[in-house]
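These notes are about the structure you will find just below.
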Amino acid sequence: MARTLACGTGTTLVILGAWGDLTQRLLMPALFRLHELGLTIGLRIVGYARRDENVDAFRAHIHDALKEFAPDFTAEKWQAFASSLGYVCGELTAADVGKLQPLAAPKMVFYLALPPAQFGPAAQALGEAGFTQPPAGGWRRLMVEKPFGTDLASAEALRAQMHAHWREEQILRLDHFLGKEATQNLMVFRFANRFLEPVWNAQHVAQVQITYAETLGVEQRATYYDHAGALRDMLQNHLMQLFSLAAMEPLSHWDAEVLRDHKVEVLRSVKAITARTLDRHAVRGQYVAGAMGGKRYAAYRDEPGIAADSRTETFAALRLEIDNWRWQGVPFYLRSGKRLASNCSEIAVQFRATPGAVHAENNWLVFRMKPDRAMMLLANAKLPGLELQARQVQLTAPYVSGDEVEFSAYEQLLMDALEGDRTHFLRFDEVECAWRLLAPVLNGWKSGTPDFYAAGSEGPETQNRMLNAGHAWRPIALAGGTR
Ligand code: BG6
């Protein structure tokens, strides 16, 4: 369906944490493009932060950020966009936040682009200042991005703090993977193709591998990352979402609640990991010095801001098993890591072997997000020659072609928020189920150390211990520039 104007006059987006990295690198470039495409005409954007500056200084700051991060930046487009920007400075108290009242509009979204410790106080301050109650015909929404807590207890505490003022339907929990075109394609491809459903089950699928590998290291995020680690940073949220979308039952109709019910059902059906089965279900790693593309990379423990004896995992892998009729006996392997051999992100479904006389490789259907966006079917065809022999061929469909218009995850999700579409946002029970599932892993990993792997490698050797006999991880390293 073609996107039309998400909002007109009378809508205000307030970004709390307006001077931060998220705002300048991702939110503003997304808002800039939506504006340029004419999708948010009339939207007022108000920055809110502690920095004691005026609106001109804020506009100058955003101008510089857009010059750097918005690919289509021109002075002319900036002129059109700049006048939509306002700025208010203050602390996260009800009294200060109340200074936003003169800018209040009937329809308001509050985006918490803040450090996680401030999510609760900000939600509370907005509530106490009366921003949760819209006038007749209006609405109020609160957008907040992961991490939603650091474990089950802290997630529940955060929920309680938010729910003291906001109703669940007003809260839009953002996982930017759900705004990615390739993630949304997973849903469309699954449910818009008749041939897939009959084979999308344990009778035909042997294993599913969900990989998100990065060549980047911890970069400038030592403070956050050394407390989070790969399990909290990637698996609890992004990969768990891809997992539940791949495994869920077909929807009767597109509806945010039905979709989220189905995802929760998957998470609830995962066999519990226990202290006894932990080693078979979870592996953690940490990079040590290594080489990639002719360049040497330092060990995680030698990165700036990281403790010399840090036990934080920079690689995490999980083996999940779903105890339901569709997936009984099919392992879902999830893994993500930093400083790995390539930027590779994919959901790969391996089908069972064919019976009979012709020996053939198992089929794979791969939804690839990185390095390029494409769907690939690894099939078998006859090897030219006198014998009846099969060889594997790759049928590739690039996800986007020609001049098709794509939207970034933030563009997509900001549009959804303005339109009030909660389909691609997380309901609290999804967050809760994911934390509950991982609690034994987090607990088990309180002691011991991760297994080391060299920067630029495939990850720790020990990741193989979770695989069924006959299963092997798909390579992360590019073979001759392709995968
Ligand atoms: C973030 C993680 O949520 O997702 C990062 O905190 C990770 O560690 C990033 O690099 C990956 O997202 P993308 O959009 O770059 O694929």
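Atoms within each ligand, like the ligands themselves, are counted from 1 in listed order.
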Exercise. Compare all side-chain heavy atoms of M466 with those of H281 and state whether any distance is below 4.5 angstrom.
Key: no
Quiz prompt | Pairs flagged by salt bridge (charged side-chain N to carboxylate O under 4.0 Å, His left out) wherever residues 235-244 is involved - sequence neighbours left out | solution = none
Quiz item: Of the options H238, Q241, K146, which is the one that meets D175 in a side-chain hydrogen bond (donor to acceptor under 3.5 Å, both in side chains)?
Solution: H238
Self-check item: Side chain proximity check, Y212 to L239, heavy atoms < 4.5 angstrom
Solution: yes
Self-check item: Close-range residues for ligand 1, whose non-hydrogen atoms fall below the 4.0 Å threshold
Solution: K146, H176, F177, K180, Y212, E214, R221, D233, M234, H238, K338, K370
Quiz item: CD of Q220: more than 12 outside heavy atoms within 6.0 angstrom?
Solution: no
Quiz item: More than 12 heavy atoms of other residues, nucleotides or ligands under 6.0 Å from CD of E168: is that the case?
Solution: yes
